[in-house]
Amino acid sequence: MSEKREEVVSEALKAEEEQRSSWHILTLEGDLVPVDEFNYKGYKGLQTFSGYEVDKDRTVNQVPPHVTLMKSLELVDYEPASDPGNMRYYPKGRMMKALLEDYVTGMIHDYGGMEVETPIMYNMNHPTLANYLNRFPARQYTIEHDDDKYFLRFAACFGQFLMAHDATISYRDLPLRIYELTKYSFRREQRGELVGLRRLRTFTMPDVHAMCRDLPQAKKEFKRRYKLVRDTLGGIGFENDEFELGIRTTEEFYKKNKRFIQSMVKQHGKPALVEMWKERFFYFVLKYELNFIDALGKASALATDQIDVENGERYDITFMEEDGHEKHPLILHCSPSGAIERDIYALLEKAHMGMAKGVRPSLPLWLAPTQVRMIPVNEGHVKLAMDYAKKLSGGKVRADVDDRGETVQKKIRDAEKEWIPYIVVLGEREVGAEKVPVRVRSDGKLHKMSLKELGSEIKKQVRGKPYRPLPLPMSVQGRPKFVG
RNA sequence: GCCUCGGUAGCUCAGUGGCCAGAGCGGCAGCCUUGUAAGCUGUUGGCCGCGGGUUCGACUCCCGCCCGGGGCUCCA
């Protein structure tokens with residue numbers, strides 16, 4: 001995911017490229033249909049993604065829903081004192097982002113990725129990088145001091161490739177899987193392209209590379225990683241049918257690997273958009289992304305994987321073949337979740353789209369800043385509420401207490417506005433009672449259950465997901481208001 | 001970067017070339033002692049985005065800049 005077409009190529013090359021690339025829809029049956037001849041009935045998302053729209057006017061004159069939500073939920077906000085596209089994260093947003101980071105990292109550990117850490121800035125005059133960088137002249141952040149000039153990385157490729165260059169690698173070590181969560185990747189995107197959490201100049205991206213021995217091994221690994229991608233996105237809280245698959249490849253690679261590419265489409269379960277080049281202009285021969293369509297009909301890529309045939313040589317990464325000869329590996333570049341910020345964007349957009357269908361918006365339970373809100377009827381019940389919240393917290397459930405002097409109704413309203421999944425009102429009736437009334441957001445009903453039952457219900461739903469404690473004081477009274 | 005729309009209280013927004021610039025929410029104080037989506041009263045709060053210009057006078061008109069939305073199909 002390191003290189004981006006627009007930044008790589010000049011205007012002239014771009015024009016040439018437009019001429020030579022063709023766009024198709026690859027069906028489940030394996031037919032390649034030109035984009036403007038495909039019948040999009042039943043494939044609205046794909047139609048939006050392929051850009052083939054009857055309504056030419058795509059002007060959207062409103063703030064993207066996730067921008068409003070990221071503020072009103074006190075997750076993320078703009079930071080005017082920074083460069084645009086650099087955000088500030090409030091406690092709830094930071095917790096959510098940290099959980100996503102932990103989760104994706106865990107998934108990549110399970111897949112076999114060896115986690116490393118590499119510098120975020122590099123010398124522009126480094127011989128290998130200079131060659132690579134000359135293709136990205138205008139879009140980097142640069143830092144100068146004394147006589148040296150540095151650039152901020154736009155992905156983890158640099159550090160990992162330089163590390164691999166210096167490593168002694170045997171064919172037995174392949175596929176060699178290296179992982180880093182880039183915090184951050186920097187891309188000085190055009191000002192007008194920046195939007196909320198969808199497109200940033202500074203973002204967090206898991207970047208896992210796999211050095212492979214040859215094409216058969218690369219293809220096998222590619223498949224394995226496709227599963228990693230699907231599992232990761234699914235675990236975050238997305239459904240498969242929320243994504244449109246985009247595939248980029250060359251005519252030659254497609255011809256030789258037709259069945260392989262078709263199998264990807266089958267795995268995806270829906271027709272996919274294919275961009276086909278007459279010749280290879282970039283370092284990869286095959287790339288795919290899973291694209292999310294938001295509430296305003298904008299598509300953005302989340303997960304991606306690529307087969308890189310060029311950088312093994314450019315960075316002089318070698319491994320010893322069985323026959324004693326050194327060879328350059330093929331390199332797969334994958335981000336199983338896409339940018340973490342973009343995951344939050346997609347979760348918020350998804351919640352907003354649900355609202356239109358009459359579904360109460362919510363975040364996945366494991367990401368909810370508060371999972372259980374205790375609401376004491378009056379101050380006499382605050383202690384009980386605190387005891388209960390502490391008990392739940394001891395079992396790694398995020399519970400807090402609205403101890404403000406507001407009415408029960410007001411406190412419930414505020415809890416609902418925060419999308420809190422479970423709300424418990426505690427008054428005289430609950431003193432000494434085993435079961436308490438739990439207001440469940442997903443069905444809007446009251447359920448009588450014991451504290452223990454509530455705790456295990458939540459634990460059951462978040463099984464396998466990382467945990468972080470409450471990002472704010474347990475007492476709602478003792479919290480500052482970060483937004484509004 | 002270019003085109004376009006916008007920036008007024010912490011938030012959402014109204015307003016006029018001229019008295020002290022407004023509302024709701026929030027914050028704070030007090031009352032109420034609350035039972036499943038907003039209890040009542042009072043009070044606080046604004047270089048009207050920043051800089052410059054026109055004018056007797058600018059929040060209002062003009063220019064520049066900054067920030068945000070949309071577009072220029074770009075990607076994670």
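All values derive from a computational prediction rather than experimental measurement. In the text below, chain A, chain B and the rest are named by the order of the sequence lines, each starting its count at 1.
Screening residues 398-446 of chain A for ring-ring contact (aromatic ring centres under 6.0 Å, His included) gives no qualifying pairs among residues at least two apart or on separate chains. Screening residues 96-115 of chain A for ring-ring contact (aromatic ring centres under 6.0 Å, His included), with sequence neighbours left out, gives Tyr103(A)-Trp366(A).
Listed by chain and number, the residues in a ring-ring contact (aromatic ring centres under 6.0 Å, His included) with Tyr288(A) are Phe222(A), Tyr226(A) (sequence neighbours excluded). With sequence neighbours left out, the salt bridge (charged side-chain N to carboxylate O under 4.0 Å, His left out) criterion links Lys223(A) to no other residue. When the side-chain contact (heavy atoms from CB on, under 4.5 Å) test is applied to Asn378(A), the partners found at least two apart in sequence or on another chain are His381(A).
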Please encode protein proximity along nucleotides 34-41 of chain B as a string of B, S and -, counting only heavy-atom distances under 4.0 Å. BBBBBB--
Taking only distance into account, with no hydrogens and no angle test, what donor-acceptor pairs under 3.5 Å do side-chain atoms of residues 472-484 of chain A form with protein atoms, sequence neighbours excluded?
unit_1    : atom_1 : unit_2    : atom_2 : d
Ser475(A) : OG     : Asp403(A) : OD1    : 3.2
Ser475(A) : OG     : Asp403(A) : OD2    : 2.7
Ser475(A) : OG     : Gln477(A) : N      : 3.3
Ser475(A) : OG     : Gly478(A) : N      : 3.2
Gln477(A) : NE2    : Asp403(A) : O      : 3.4
Arg479(A) : NE     : Pro473(A) : O      : 2.9
Arg479(A) : NH1    : Asp400(A) : OD2    : 3.3
Arg479(A) : NH2    : Asp400(A) : OD2    : 2.7
Arg479(A) : NH2    : Pro473(A) : O      : 2.9

Please output the side-chain donor-acceptor pairs of residues 348-356 of chain A that fall under 3.5 Å, not counting sequence neighbours, one pair per line with the distance.
unit_1    : atom_1 : unit_2    : atom_2 : d
Glu349(A) : OE1    : Ala295(A) : N      : 3.0
Glu349(A) : OE2    : His66(A)  : N      : 2.9
Glu349(A) : OE2    : His66(A)  : ND1    : 2.9
Lys350(A) : NZ     : Gly237(A) : O      : 3.0
Lys350(A) : NZ     : Glu242(A) : OE1    : 3.1
Lys350(A) : NZ     : Glu242(A) : OE2    : 3.3

Per-pair distances, 0.1 Å, donor-acceptor, side chain in residues 405-412 of chain A, under 3.5 Å, sequence neighbours excluded:
unit_1    : atom_1 : unit_2    : atom_2 : d
Thr407(A) : OG1    : Lys410(A) : N      : 3.1
Lys411(A) : NZ     : Pro376(A) : O      : 3.0
Lys411(A) : NZ     : Arg404(A) : O      : 3.2

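At the phosphate of C75(B), neither OP1 nor OP2 sits under 4.0 Å from any side-chain N or O atom of Tyr288(A).
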Both atom distances under 3.5 Å, Watson-Crick or G-U wobble: I'd like the secondary structure of RNA chain B as a dot-bracket string, with | for pairs made across strands. (((((((..((((....[...)))).(((((.......))))).....(((((..]....))))))))))))....
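Taking a 4.0 Å limit (strictly below) on heavy-atom distances, residues 86-103 of chain A does not reach RNA chain B anywhere.
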Taking N or O atoms only and anything under 3.5 Å, show me the protein contacts with nucleotides 42-52 of chain B, one pair per line.
none

